[in-house]
Amino acid sequence: MADIIRLLPDHVANQIAAGEVVQRPASVVKELIENAIDAKASIIKLIVKDGGKSLIQVVDDGMGMSATDARLSFERHATSKITDAQDLFNLNTKGFRGEALASIAAIAHVDMQTRTENQELGTQLRIEGSKVVMQEPTVAPKGTSVAVKNLFFNIPARRNFLKSNQVELRHITDEFHRVALAHPNIGFHFFNNGFELFNLPKTNLRQRIVHVFGSKMNERLVPVEEETQVAKISGFICKPEFAKKSRGSQFFFANDRFIKSPYLHHAVMAAFEGLIKPDTVPGYFLYLQVAANSIDINIHPTKTEVKFDDENTLYAILRSAVKHALGQFNVAPALDFERDPNLDPPYAYQRKGAVMPKVTFDADFNPFEEKSGPEGVRRASQRTSAKGWENLYTGLETIASHEFQGNSVETAPTEKLFDDTDETVLHDVSTFQLRRKYIVTTIKSGLLVIDQNRAHQRVLFEQFLREMTIDEGLSQQLLFPLELNFSSEELRLLKEIEENLRSMGFSFTYRANGPLSVEGVPLSAERGDIQQLLDELIAGYREGISHGELSPAEILARTLSKALAVKNGEALAAESQLALVNGLFSCKEPMLSPFQKMTYITISESDIDKKFR
Ligand code: ADP
Ligand code: MG
């Protein structure tokens with residue numbers, strides 16, 4: 001047999017390598033901006049069109065390249081940043097592989113313009129799919145501009161794999177945040193389809209964070225400062241009361257490079273322990289400076305994961321630095337967030353002993369009754385119950401007035417659920433609440449146990465979806481409009497979902513460069529913290545969109561249902577329990593919560609019989 005092994009031609013090898021470096025437009029953005037930073041730029045401009053699919057351009061005022069270097073920069077393994085392997089252990093630049101430009105040029109049309117300080121004429125260069133199609137002298141400002149057009153033009157499979165422009169823009173923005181936060185001493189501009197999304201002047205770190213995330217950030221930040229032999233830690237954490245359910249403002253940087261580190265994240269969480277509600281995450285912007293030779297950024301191709309020599313020590317230092325910051329700025333003792341029913345001691349069910357089955361709970365139920373608890377506690381608990389009740393009722397009221405009118409526990413939808421027999425929920429149905437968490441009722445075949453939180457999520461979810469499609473969410477006009485602050489990026493996202501929000505019952509007006517004025521909110525959100533709700537909606541939308549699975553309406557309905565559903569720990573009056581059971585089984589998909597979790601289980605009589613055998 002003849003020899004069959006061949007060396008791949010360069011352009012094919014480059015295309016293959018490109019697959020690792022360039023996953024999506026955001027990867028190109030990262031590489032180009034990092035090159036500009038390595039070239040010591042003081043102002044960097046990012047221009048994208050159509051989520052980066054048709055154009056990604058980065059313009060810098062850095063040191064530029066000679067004509068020869070410009071040509072060479074597109075060769076694979078061409079780099080000015082390291083000369084031998086030893087340099088890998090002492091990196092002070094972002095790049096070092098010499099692969100980025102070669103990879104990008106293999107899969108796109110690239111235009112480069114560059115000039116060094118002491119050249120009179122600059123160089124202009126065009127490359128298409130690794131082939132240089134033009135190189136000539138040109139008049140150009142000092143610095144470099146690289147424009148990448150028609151990404152993946154020669155790999156249709158990859159191009160088709162790209163998500164919507166919105167989603168790609170989201171990824172680009174994430175990448176932009178990371179570099180912008182790592183380099184407050186560099187000015188950044190970011191244009192998308194001709195609009196300026198960010199204009200970040202050179203400044204200090206605190207101001208940079210505020211410019212990126214909006215002015216409301218300013219009051220939330222608490223400085224962290226710690227210097228030891230192993231590492232210097234600086235930056236900010238957000239006050240515990242602003243911890244959020246969704247991730248979004250957690251940033252670690254090691255030697256000015258954004259990194260991901262679940263381990264160090266854990267250290268921060270440990271410092272916040274006891275200060276934040278369960279399931280919430282505090283924001284943080286933490287900068288670690290360690291000796292360049294004690295960190296290995298080489299273990300991951302896209303370089304967001306790193307290896308530290310002495311991770312355990314770092315963990316301890318970081319945790320104590322954060323704790324220290326929390327203590328020093330008096331954040332910890334001043335903590336005074338709203339009473340959360342989730343944190344109430346669980347109802348001691350056992351105390352009720354044998355009378356259990358007859359107990360019907362009502363809104364005034366108070367677990368502290370037998371103790372002579374402080375008055376404030378008692379009132380708090382009653383308020384909670386009332387809120388839970390009305391909240392629940394609001395959702396169900398609207399259901400009743402729509403197509404589900406007339407449905408009650410004993411009619412069709414329930415039967416469908418138990419289609420093996422002619423099961424129905426009993427007529428003289430009574431429900432009771434177990435541990436303020438489950439609603440228990442009987443059906444012909446045995447017991448039905450409903451998770452109150454998930455069930456209400458389902459009810460609200462379908463309600464909001466319906467409102468968004470038929471555009472008639474009930475709105476509660478506010479007596480005094482709320483003035484809320486959002487970053488320009490958040491405002492952009494808000495605009496994307498504006499129509500949906502309006503149909504759910506929100507109403508607001510934008511002011512140029514001013515706060516958003518909220519004039520009306522959905523009826524079921526009336527008592528909530530509206531800033532937090534909108535923050536959650538934006539964050540939920542942002543996250544949901546990047547996963548690209550659900551429609552915006554579904555994402556919003558899901559987020560809102562989660563925020564507004566009765567929680568575990570809230571006492572429900574008998575009628576709201578019943579209303580919830582009815583509401584759930586009037587839903588189109590009563591079995592699962594909007595997050596695909598079981599809303600109820602059944603325990604058959606025979607299951608119970610078995611236990612008694
Ligand atoms: P790396 O950054 O890993 O060295 P790249 O392929 O990204 O590899 O870039 C190759 C080389 O081109 C760099 O080492 C640098 O010398 C030069 N270069 C790239 N972009 C710029 C820029 N914006 N300004 C000046 N020089 C640049
Ligand atoms: Mg590079």
Side-chain angles (χ1 to χ4, degrees), residues 10-11 13-23 25-47 56-85 87-108 110-119 122-127 130 132 135 138 140-148 151 175 178-179 182-183 186-189 255-258 292 297-304:
D10 259 3
H11 70 277
N14 279 338
Q15 267 192 19
I16 295 170
E20 276 167 44
V21 180
V22 183
Q23 277 112 29
S27 341
V28 174
V29 168
K30 173 171 190 281
E31 294 296 339
L32 295 185
I33 295 186
E34 288 190 348
N35 279 348
I37 294 170
D38 284 344
K40 306 203 165 25
S42 66
I43 293 186
I44 298 175
K45 197 153 98 185
L46 167 65
I47 301 163
I56 300 161
Q57 183 174 14
V58 171
V59 185
D60 69 54
D61 59 353
M63 62 198 190
M65 280 175 274
S66 69
T68 323
D69 280 355
R71 175 67 194 85
L72 258 181
S73 68
F74 289 98
E75 292 296 325
R76 205 134 59 95
H77 307 307
T79 178
S80 56
K81 298 169 193 173
I82 57 173
T83 46
D84 59 37
D87 293 346
L88 275 179
F89 303 101
N90 213 345
L91 276 174
N92 292 309
T93 54
K94 310 260 160 195
F96 56 86
R97 294 161 189 264
E99 272 179 342
L101 288 183
S103 299
I104 294 167
I107 47 150
V110 180
D111 280 311
M112 178 189 272
Q113 266 201 2
T114 184
R115 183 172 74 81
T116 62
E117 183 142 43
N118 44 28
Q119 280 175 306
T123 307
Q124 191 177 1
L125 196 79
R126 166 168 295 175
I127 300 197
S130 294
V132 181
Q135 172 161 12
T138 183
K142 176 200 162 222
T144 305
S145 153
V146 180
V148 176
L151 193 66
E175 212 56 76
R178 294 168 179 179
V179 274
H183 298 277
I186 298 178
F188 287 93
H189 298 266
N255 296 358
D256 299 334
R257 192 188 285 274
F258 170 81
I297 44 184
N298 211 0
I299 60 169
H300 195 269
T302 53
K303 294 175 281 183
T304 50

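In each ligand, atom 1 is the first atom listed, and ligand 1 is the first ligand listed.
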Legend entry - Heavy-atom closest contact (Gln119 atom, Met65 atom, distance): OE1-O, 3.4 Å
Inset, instruction - Could you give me the CA-CA distance, side-chain angles and deciding distance for Ile43 and Asp60, then say whether side-chain contact (heavy atoms from CB on, under 4.5 Å) is met? - result: CA-CA 6 Å; Ile43 293 186; Asp60 69 54; over 6 Å; no
Inset, instruction - Heavy-atom distances under 4.0 Å are what count here, so tell me which part of Ala39 touches ligand 1: side chain, backbone, both or neither. - result: side chain
Inset, instruction - For Gly62 and ligand 1, answer yes if some heavy atom of the residue is under 4.0 Å from a ligand atom, otherwise no. - result: no
Legend entry - Region of Ala41 engaging ligand 1 - heavy atom pairs below 4.0 Å: neither
Inset, instruction - Identify, by atom number and element, the atoms of ligand 1 in contact range of Ala100, meaning under 4.0 Å from any of its heavy atoms. - result: 6 (O), 7 (O)
Inset, instruction - Decide, counting backbone as well as side-chain atoms, whether Thr79 has an N, O or S atom less than 2.8 Å from the Mg ion (ligand 2). - result: no
Inset, instruction - Have a look at ligand 1 and work out which part of Leu101, if any, has a heavy atom under 4.0 Å from it: side chain, backbone, both or neither. - result: both
Inset, instruction - Using side-chain contact (heavy atoms from CB on, under 4.5 Å) as the criterion, point out the one residue from Val146, Ile104, Leu46, Val110 that pairs with Ile56. - result: Leu46
Inset, instruction - Look only at interatomic distance and state if Thr144 has a nitrogen or oxygen under 3.5 Å from any nitrogen or oxygen of ligand 1. - result: yes
Inset, instruction - Please say whether Thr79 places an N or O atom under 3.5 Å from an N or O atom belonging to ligand 1. - result: yes
Inset, instruction - Report yes if Met63 has an N/O atom closer than 3.5 Å to an N/O atom of ligand 1; otherwise report no. - result: no
Inset, instruction - With heavy atoms of Ala78 as the reference, note each atom of ligand 1 found under 4.0 Å away. - result: 10 (C), 11 (C)
Inset, instruction - Check step by step if side-chain contact (heavy atoms from CB on, under 4.5 Å) holds for Ser42 and Asp61. - result: CA-CA 6 Å; Ser42 66; Asp61 59 353; 2.9 Å; yes
Inset, instruction - Determine, considering heavy atoms only, which of Leu32, Asn35, Val146, Asp60 sits nearest to atom 7 (O) of ligand 1. - result: Asn35
Inset, instruction - Provide the number and element of each atom of ligand 1 under 4.0 Å from a heavy atom of Ser73. - result: 10 (C), 12 (O)
Inset, instruction - Tell me yes or no: between the side chains of Gln57 and Ser145, is some donor less than 3.5 Å from an acceptor? - result: yes
Inset, instruction - Specify the closest pair of heavy atoms between Thr144 and Gly64, including all atoms of both residues, with the distance to one decimal. - result: OG1-CA, 3.5 Å
Inset, instruction - Please say whether Gly64 places an N or O atom under 3.5 Å from an N or O atom belonging to ligand 1. - result: no
Legend entry - The one among Glu99, Met65, Glu75, Met112 that brings a heavy atom closest to atom 27 (C) of ligand 1: Met65
Inset, instruction - Write down the atom of Lys142, the atom of Gly62, and the distance for their closest heavy-atom approach. - result: CE-O, 3.2 Å
Legend entry - Pair Asp38 + Lys94, salt bridge at N-O below 4.0 Å: no
Legend entry - Taking every non-hydrogen atom, the tightest pair across Leu72 and Ala78: O-CB, 3.1 Å
